[in-house]
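Lettering follows sequence order; numbering is per chain, from 1.
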Number of protein chains: 2
Amino acid sequence: MPNKHDHSLLASLTKRCYFAGRAVMDAALRAHDIGSTQWFVLHHLALSGPMMQRDLVDLLQVERATLSVIIRELVRKGLVEQVPVERDARRKMLQMTDAGKALWDQLPNFETLIHATAFGEIPEADIAAAIRVLSIATERLTNLSLKGDRT
Amino acid sequence: MPNKHDHSLLASLTKRCYFAGRAVMDAALRAHDIGSTQWFVLHHLALSGPMMQRDLVDLLQVERATLSVIIRELVRKGLVEQVPVERDARRKMLQMTDAGKALWDQLPNFETLIHATAFGEIPEADIAAAIRVLSIATERLTNLSLKGDRT
DNA sequence: TCATGTTTGTTAGGCATCAAACAAAGATGT
DNA sequence: ACATCTTTGTTTGATGCCTAACAAACATGA
């Protein structure tokens with residue numbers, strides 16, 4: 001039977017693993033003067049082409065307010081443009097500028113490297129179990145937040 | 001064989017799970033005007049009694065600079081004291097004030113609740129596998145950061 | 001003794017995140 | 001048509017985290 005100690009350890013590891021991964025990304029990106037989430041935005045725009053800011057919110061799983069600040073930075077750096085959308089003045093379409101594309105081509109592909117470093121050579125069954133555990137935990141915690149809304 | 005997609009999903013889940021857990025804690029603590037890491041400091045001080053600030057850095061697994069700011073807030077709120085240590089003027093001993101103890105007694109025990117919510121009813125073997133995966137990943141990523149130091 | 005190295009805590013600057021509140025614009029229903 | 005609801009993005013203020021650079025104090029060794 002799993003005990004409190006296991007649960008506490010797993011919670012702590014979840015946090016440490018997240019920050020350890022981000023530290024590696026941040027260190028690699030520092031020379032290019034962009035942060036880890038800024039990299040993810042460029043990543044999605046490079047792979048999928050221009051997209052609505054609203055859709056990127058869902059892809060990145062962050063709040064609108066969070067993305068708004070990230071985009072503001074990328075726009076300030078001249079890497080991304082916010083293009084007005086016809087027929088709906090609320091929405092903004094995001095697309096990389098030429099400078100953004102040029103920077104992207106310079107960046108190494110750390111995503112694969114980091115994932116291989118972190119999870120390579122680990123049994124498939126363990127990876128699958130970890131995904132099950134974190135999926136369920138995330139869903140339950142999210143539901144708990146929603147329920148607590150009406151307080 | 002585990003593929004890139006699995007690894008990417010797991011990385012994303014690690015982040016989302018961490019923030020989902022923190023959101024639950026923050027929501028519960030907002031009424032008491034303390035943040036989640038501030039809660040962890042009180043937790044350790046309540047359970048172990050006064051301790052050196054340096055030792056708390058290791059327990060919480062954060063940087064000295066990070067803890068310094070957290071403690072500054074708790075001191076400002078009158079919940080914790082930094083007591084000078086004899087024989088070593090660099091160090092500071094942390095202890096809860098009476099107000100800190102009073103607040104602590106008011107707080108519900110969410111740690112158990114949150115862990116039970118997140119991980120309850122999940123097979124022991126899955127929990128153990130998740131711990132293995134995240135332990136290894138965290139260690140490897142940390143080593144990668146250290147190696148990259150000399151750049 | 002005294003120069004040098006290490007440890008401890010702080011400050012400054014930056015990124016990422018959230019909640020709350022706002023504004024603008026589209027959508028809906030009567 | 002018009003009032004109301006919903007959607008989208010922004011701003012503000014907070015927490016938490018990091019690195020880099022500093023200062024103070026301790027430790028060590030020549």
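Gln82(A) meets the side chain to side chain donor-acceptor pair (under 3.5 Å) test with Gln53(A); sequence neighbours excluded. Every side-chain contact (heavy atoms from CB on, under 4.5 Å) that Asp88(A) has, sequence neighbours left out, goes to Arg90(A), Arg91(A). Scored by the side-chain contact (heavy atoms from CB on, under 4.5 Å) test, Asn109(B) finds Glu111(B), Thr112(B) as partners (sequence neighbours excluded). Taking the side chain to side chain donor-acceptor pair (under 3.5 Å) definition, one finds that Arg76(B) meets it with Glu73(B), sequence neighbours left out. Every residue meeting the side-chain contact (heavy atoms from CB on, under 4.5 Å) condition with Val69(A), not counting sequence neighbours, appears here in chain and number order: Arg72(A). Partners of Arg140(A) according to the side chain to side chain donor-acceptor pair (under 3.5 Å) rule, which considers only residues two or more places apart in sequence or in another chain, do not exist here.
A side chain to side chain contact (heavy atoms under 4.5 Å, CB included) with Tyr18(A) holds for exactly one of Thr14(B), Leu141(B), Leu13(B); it is Thr14(B).
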Donor-acceptor pairs under 3.5 angstrom involving side-chain atoms of residues 57-64 of chain A: please list them, not counting sequence neighbours.
residue: Asp58(A); atom: OD1; partner: Arg54(A); partner atom: NH1; Å: 3.2
residue: Asp58(A); atom: OD2; partner: Arg54(A); partner atom: NH1; Å: 3.3

Could you give the side-chain donor-acceptor pairs of residues 127-138 of chain A under 3.5 Å, partners two or more places apart or in another chain?
residue: Arg132(A); atom: NE; partner: Asp126(B); partner atom: OD2; Å: 2.9
residue: Arg132(A); atom: NH2; partner: Asp126(B); partner atom: OD1; Å: 3.0
residue: Arg132(A); atom: NH2; partner: Asp126(B); partner atom: OD2; Å: 3.2
residue: Ser135(A); atom: OG; partner: Ile131(A); partner atom: O; Å: 2.8
residue: Thr138(A); atom: OG1; partner: Leu134(A); partner atom: O; Å: 2.6

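Of the residues in residues 31-61 of chain A, Gly35(A), Ser36(A), Thr37(A), Gln38(A) come within less than 4.0 Å of DNA chain C through at least one heavy atom, sorted by number. Of the residues in residues 68-92 of chain A, those lying under 4.0 Å from DNA chain D by heavy-atom distance are Ser68(A), Arg72(A), Gln82(A), Arg90(A), Arg91(A), Lys92(A). A heavy-atom distance below 4.0 Å to DNA chain D is reached by these residues of residues 13-30 of chain A, ordered by number: Lys15(A), Phe19(A), Arg30(A).
Think of the region where chain A sits on DNA chain D: with heavy atoms and a 4.0 Å cut, that region ends 5' and 3' at dT7(D) to dT19(D).
The nearest whole Å value for the distance from the CG atom in Leu67(A) to the P atom in dC18(C) is 10 Å.
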Check your understanding: Between Leu107(B) and His32(B), does a side-chain contact (heavy atoms from CB on, under 4.5 Å) hold up when you go through it step by step?
Key -> CA-CA 8 Å; Leu107(B) 297 178; His32(B) 304 279; 3.4 Å; yes
Review point. Does the side-chain contact (heavy atoms from CB on, under 4.5 Å) test come out yes or no for Thr37(B) and Leu67(B), once each step is laid out?
Key: CA-CA 9 Å; Thr37(B) 304; Leu67(B) 184 58; 5.9 Å; no
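Atom-to-atom distance recorded for His115(A):NE2 and His5(B):NE2 is 11.0 Å, nearest 0.5 angstrom.
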